Number of protein chains: 2
Amino acid sequence: MQTSTLSDRTADIVVQACPVREVLDRVAGKWSIMVIIAAADGPVRFTELERSIDGISRRMLTLTLRNLERDGLLHRTVYPVVPPRVDYELTPIARELHESLLSLTGWAQRHRATISAARTAYDSRRLADAG
Amino acid sequence: MQTSTLSDRTADIVVQACPVREVLDRVAGKWSIMVIIAAADGPVRFTELERSIDGISRRMLTLTLRNLERDGLLHRTVYPVVPPRVDYELTPIARELHESLLSLTGWAQRHRATISAARTAYDSRRLADAG
DNA sequence: CCGCATCCCGCCCGATACTG
DNA sequence: CAGTATCGGGCGGGATGCGG
């Protein structure tokens, strides 16, 4: 087990840093946002998350879930049955976050093409300057 | 100069990945969001950014500015004077992003204490289980 | 089905020194 | 003032294997 959790350096060391980053770092991991989105529609099981989030490893899913649970964004329910059944549900505070994320994803989808084009244009410019 | 820019692995390699992450990764760097917020009130000079963003190094400020410019989020203006004067301004698309970020920062500030408490509670629980 | 432990690589980013 | 070049550490995260 890694001794440090995802991105807690800033929050733990620089106490008087911008509170925005302090909290955003908790969600800045590669998979956190995807998990929150995937769990937004209701309780989901571990395997469901694993299948719905493309490319995530079992290890990273576990770590991400633990961190989100630790921050009070996910509620974990274990059913004492065989085979084991565990499901995860967004807490009210996480549902609020999901609303904010919708604003971001909307922006992302609206400007996806524009940004991509800007990158291409910038790169060919740089290439022209060099050549 | 590093050959690769901030967080372009996902976008460049896994093309058919979630468009949300593809774009969010462009803003997921440690300093990108801070720069966007710091530049939101109007054109700012390099040194102004350097002073207003606590803890940022000259190198990282430069890299972050270049990447944001590359993605069409910042407009860079160079004035041919001595001493050199350069300022940076959010593009319309970045101003939209800033609006979305306000939603996020609002959430962060509202739930800062709650999240911190949740962490502490979770950690002392884990500690009790171990001891 | 759900999860933890270990190994290891690659990139982010900080420190430092140098330029027009 | 506004950058650029180089070096190196540290951590995120992927691959793999084991346990309840």
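Proteins come first, then strands; the chains are lettered A, B, ... in the order of their sequence lines, and each starts at number 1. Small disclaimer: the values here were computed from a predicted structure and weren't measured.
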Nearest-neighbour nucleotide for the B:W31 side chain, D:dG14, D:dG3, C:dG14 considered: C:dG14

N/O (side chain, A:R66) to phosphate O (OP1/OP2, C:dG3) under 4.0 Å: yes

Length of the line joining B:L61:CG and C:dC12:P, which is rounded to integer Å: 17 Å

Rounded interatomic separation in angstrom, taking NZ from B:K30 and C1' from D:dG12: 13 Å

Sugar-phosphate only, base, or nothing, as touched by A:T62 at under 4.0 Å among non-hydrogen atoms: sugar-phosphate

B:R45 side chain near D:dC1 phosphate (N/O to OP1/OP2, under 4.0 Å): no

Could you tabulate the donor-acceptor pairs under 3.5 Å formed by side-chain atoms of residues 80-90 of chain B, not counting sequence neighbours?
| unit_1 | atom_1 | unit_2 | atom_2 | d |
| --- | --- | --- | --- | --- |
| B:D87 | OD2 | B:Y79 | OH | 3.4 |
| B:Y88 | OH | B:R66 | NH1 | 3.3 |
| B:Y88 | OH | B:R76 | NE | 3.2 |

Rounded distance in Å - CE (B:M60) to P (C:dA15): 12 Å

B:L127-B:Y122 co-clustered via ILVMFWY side chain contacts under 4.5 Å: no

side-chain contact (heavy atoms from CB on, under 4.5 Å) between A:L61 and A:V35, worked out: CA-CA 8 Å; A:L61 179 55; A:V35 168; 4.1 Å; yes

Rounded distance (Å) that lies between atom C1' of D:dA15 and atom CD of A:E50: 14 Å

Distance, rounded to the nearest Å, where B:L49 contributes CG and D:dA2 contributes P: 9 Å

Euclidean distance, atom CG of residue B:L63 to atom P of D:dA2 [Å, nearest integer]: 17 Å

Closest-nucleotide 5' rank along DNA chain D - winner of A:P84 and B:Y88: B:Y88

Side-chain N,O (B:T47) to OP1/OP2 (D:dA2) below 4.0 Å: yes

Phosphate OP1/OP2 of D:dC1 contacted by B:R51 side-chain N/O (<4.0 Å): no

Nearest to side-chain heavy atoms of A:R76, which nucleotide of D:dG14, C:dG14, C:dG3: C:dG3

Rounded distance (Å) that lies between atom C1' of D:dG13 and atom CG of B:D25: 13 Å

Nearest-Å distance for atom pair CG/P, residues A:L65 and C:dC1: 16 Å

Pairs touching residues 100-119 of chain B that satisfy ring pair (Phe, Tyr, Trp, His ring centres under 6.0 Å), sequence neighbours left out: B:W107-B:H111

D:dC7 phosphate, OP1 or OP2, under 4.0 Å from B:R59 side-chain N/O: no

D:dA15 OP1/OP2 closer than 4.0 Å to side-chain N/O of A:R58: no

A:E50 to A:I56 - nearest heavy-atom pair and separation: O-CG2, 4.1 Å

